[in-house]
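Here the structure is laid out as structure tokens; the discussion comes afterwards.
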Amino acid sequence: MTAHVVLSDTIRAVQNGDGESLLLLLKQFEPILNKYAWKLNLDYDDAKQEMLLVFIALINSMILSSLRDSSNKALVSYIAKSVHNAYIHISKKNRSSQNETSLEDSGHTWEARHFSSDAYMGVYIAELKTVLTEREFQVFQLHYLEDKPIDDMATKLGVSRQNINQIKLKAIRKLKEFYRKDDLT
């Protein structure tokens, strides 16, 4: 992200459904997300997915008008602290769930197994599935959770890159609208 870009404007753009702005934020905060993903005692891919979901939920739920200081420095600090707190929360849940019976043996779904360290993430995935169509969820999962490039997704799903981008943007708009309604109630 270039120095002249105001972070609060980028966050507002994400909250208004701009997928490119979300990608910019993900790229900017990727080092801290990767850092905490490595520190979790989970499979790295699973941990990275959890941290990405936490980050996306954080950005979409931020109420910039309630912050005293919305300078780039203050926002970076706020986001970094929030990601750190989420890491601590996930770590605690992970430690307590290590003593429980494995979900894999109980026949639970993919989402329940991969997000067993944090019940919130399982609920979040289920919520995503109620908002998005099956195809939109597939694209969201492949791109944002599994970090697949657009070309690979297009090949895997048998559609064009343009179609993938359209689906992705539509999914982001739907999620933004859904979470905006949640904030109002």
Can you confirm whether [X] sits close enough to [Y] that some side-chain heavy atom of one is under 4.5 Å from a side-chain heavy atom of the other?
| X | Y | value |
| --- | --- | --- |
| M62 | R12 | no |
| L67 | L64 | yes |
| I32 | F55 | no |
| F29 | N34 | no |
| Q162 | Q166 | yes |
| K168 | F140 | no |

N/O donor-acceptor pairs under 3.5 Å from side chains in residues 73-81, not counting sequence neighbours:
none

Stepwise side chain to side chain contact (heavy atoms under 4.5 Å, CB included) check, K174 with K170: CA-CA 6 Å; K174 279 184 171 181; K170 186 175 181 182; 4.2 Å; yes

Is there a path of hydrophobic side-chain contacts, each under 4.5 Å between heavy atoms, that joins [X] and [Y]?
| X | Y | value |
| --- | --- | --- |
| V83 | I11 | yes |
| L142 | I164 | yes |
| L175 | I167 | no |
| M51 | V14 | yes |
| L33 | L58 | yes |

State the [atom1]-[atom2] distance between [X] and [Y], to the nearest 0.5 angstrom.
| X | Y | atom1 | atom2 | answer |
| --- | --- | --- | --- | --- |
| L26 | L22 | CG | CG | 4.5 Å |
| Q138 | M153 | CD | CE | 9.5 Å |
| H89 | E50 | NE2 | CD | 9.5 Å |

How far apart are the closest heavy atoms of [X] and [Y], and which atoms are they?
| X | Y | result |
| --- | --- | --- |
| V54 | A86 | CG1-CB, 3.3 Å |
| L23 | H143 | CD2-NE2, 3.5 Å |
| I63 | S66 | O-OG, 2.7 Å |

Is the number of heavy atoms from other residues, nucleotides or ligands under 6.0 Å of K148 NZ greater than 12? no

Ignoring hydrogens and geometry, is there a side-chain-to-backbone donor-acceptor pair from N72 to L7 under 3.5 Å? yes

Within the distance-only criterion (no hydrogens, no angle test), does the side chain of E136 pair as donor or acceptor with the backbone N or O of T133 below 3.5 angstrom?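 Yes, because the side chain of E136 sits within donor-acceptor range (under 3.5 Å) of the backbone of T133.
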
Going by the side chain to side chain contact (heavy atoms under 4.5 Å, CB included) test, name the single residue among N16, I59, I172, T10 that passes it with S21.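 Going through N16, I59, I172, T10 one by one, the side chain to side chain contact (heavy atoms under 4.5 Å, CB included) with S21 is satisfied by T10 alone.
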
